[in-house]
Amino acid sequence: MAPNIKEGLIKLIELQKIDKAIFDLKKEHDEAPGRLAQIDATSAEMKAHLKGLEENRQKMLLDQKKKEGDLAAREEEIKKAQGQLGQLKTNKEYQAKLAEIESLKADQSVIEEEILNLMEAVEAAKPPIETERQRLTEEEKNFAQQRAALNGRVKQIEAEVQHLEAKRKVAAAGVENTMLQHYEHILHGRWSVAIVPVKEGSCQGCHMLIPPQVINEIRMHEKLISCETCTRILYLEDDVGAA
Ligand SMILES: [Zn+2]
């Protein structure tokens with residue numbers, strides 16, 4: 001006995017609703033790891049930026065300490081040279097020692113200037129670090145919420161898919177076998193849309209115009225009619241009473 005085409009169409013439309021819902025949920029499910037990775041990447045980027053600011057400040061601080069050491073060393077050298085002044089025998093040696101002391105003092109003022117500049121820079125580096133640290137703390141809260149929401153949604157999707165797949169089994173069991181095979185073949189090749197209505201004369205799968213004689217064939221219910229362009233099964237909403 002030939003299968004009842006109209007009844008088959010109605011059942012396939014019902015099956016299609018379930019399959020489309022499963023497809024969309026699975027797509028959303030598959031996108032979740034990428035979205036999680038994106039959150040992690042943004043977080044890592046912010047942390048790296050903060051770390052860079054902190055390291056830069058730390059570097060300047062170390063440089064400042066080193067220069068403070070240099071300054072103290074010059075101070076010692078000056079004291080030592082000044083101590084030697086009294087022991088010098090000739091005026092020439094005395095003048096040379098004085099010149100050495102002057103040179104050391106000149107070095108000192110250069111180093112002092114550098115230390116002052118570094119102190120200013122170290123101080124100026126503080127507020128942006130603090131701002132960035134606060135921003136990161138705030139953002140980490142957001143990231144944690146986003147991760148929790150995503151993970152929650154993934155679990156919800158898994159439950160929904162499980163429920164829909166059970167529903168699908170029942171719906172598919174009601175469809176005549178060759179029709180089901182035909183439907184499923186198109187389904188897998190066509191982004192999970194295997195059966196579409198004709199609206200205002202065009203296929204709602206690929207939007208190509210459907211000739212009037214094909215529309216008449218659909219109404220005849222002799223066989224499943226496919227769109228010549230996208231191969232999807234066609235139906236008419238008023239024909240099958242689907243909304
Ligand atoms: Zn089409």
Side-chain angles (χ1 to χ4, degrees), residues 1-42 146-243:
M1 208 181 93
N4 182 325
I5 297 298
K6 185 172 173 175
E7 193 183 294
L9 283 175
I10 292 168
K11 284 175 176 170
L12 286 179
I13 291 164
E14 202 45 46
L15 188 59
Q16 173 69 84
K17 276 185 199 157
I18 300 169
D19 279 334
K20 185 67 170 69
I22 292 173
F23 179 80
D24 289 344
L25 287 169
K26 282 185 172 172
K27 190 162 168 266
E28 194 185 341
H29 188 271
D30 289 350
E31 283 164 0
R35 290 174 65 190
L36 281 170
Q38 211 166 24
I39 294 170
D40 289 345
T42 309
Q146 287 171 20
R147 284 190 194 96
L150 262 170
N151 287 325
R153 179 67 187 140
V154 164
K155 286 209 175 72
Q156 193 187 9
I157 289 173
E158 283 165 0
E160 275 178 48
V161 167
Q162 211 174 13
H163 168 75
L164 284 171
E165 273 172 348
K167 215 174 138 187
R168 184 195 198 275
K169 235 177 224 170
V170 177
V175 183
E176 189 273 331
N177 213 27
T178 51
M179 272 196 208
L180 182 65
Q181 277 174 11
H182 182 55
Y183 164 87
E184 285 184 339
H185 179 72
I186 303 168
L187 192 72
H188 295 131
R190 294 281 167 190
W191 298 96
S192 270
V193 181
I195 179 163
V196 291
V198 177
K199 272 186 189 167
E200 285 162 15
S202 68
C203 163
Q204 294 304 293
C206 67
H207 300 287
M208 293 301 284
L209 281 176
I210 303 298
Q213 98 246 20
V214 175
I215 294 178
N216 285 339
E217 279 180 55
I218 299 171
R219 289 198 194 281
M220 283 158 74
H221 305 133
E222 283 177 357
K223 56 177 182 176
L224 290 181
I225 305 297
S226 286
C227 169
E228 277 191 16
T229 310
C230 71
T231 73
R232 293 186 176 99
I233 301 162
L234 299 172
Y235 68 93
L236 301 161
E237 287 179 336
D238 63 346
D239 181 41
V240 294

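Counting starts at 1 for both ligands and their atoms, following the listed order.
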Hey, what's the angle at the Zn ion (ligand 1) spanning SG (C227) and SG (C203), nearest 10 degrees?
110°

For the Zn ion (ligand 1), decide whether H207 has an N, O or S atom at a distance under 2.8 Å.
no

Enter the distance from I218:CD1 to K223:NZ here, rounded to the nearest 0.5 Å.
11.5 Å

Would you say S226 and E228 are linked by a side-chain donor-acceptor pair, where the criterion is simply a distance under 3.5 Å?
no

For the residue pair D239 and H221, confirm or rule out a side-chain donor-acceptor distance under 3.5 Å.
yes

Give a rough value, rounded to 10 degrees, for the angle at the Zn ion (ligand 1) between atoms SG of C230 and SG of C206.
120°

Checking side chain to side chain contact (heavy atoms under 4.5 Å, CB included) for the pair V198/Q204: CA distance, chi angles, key distance, verdict?
CA-CA 6 Å; V198 177; Q204 294 304 293; over 6 Å; no

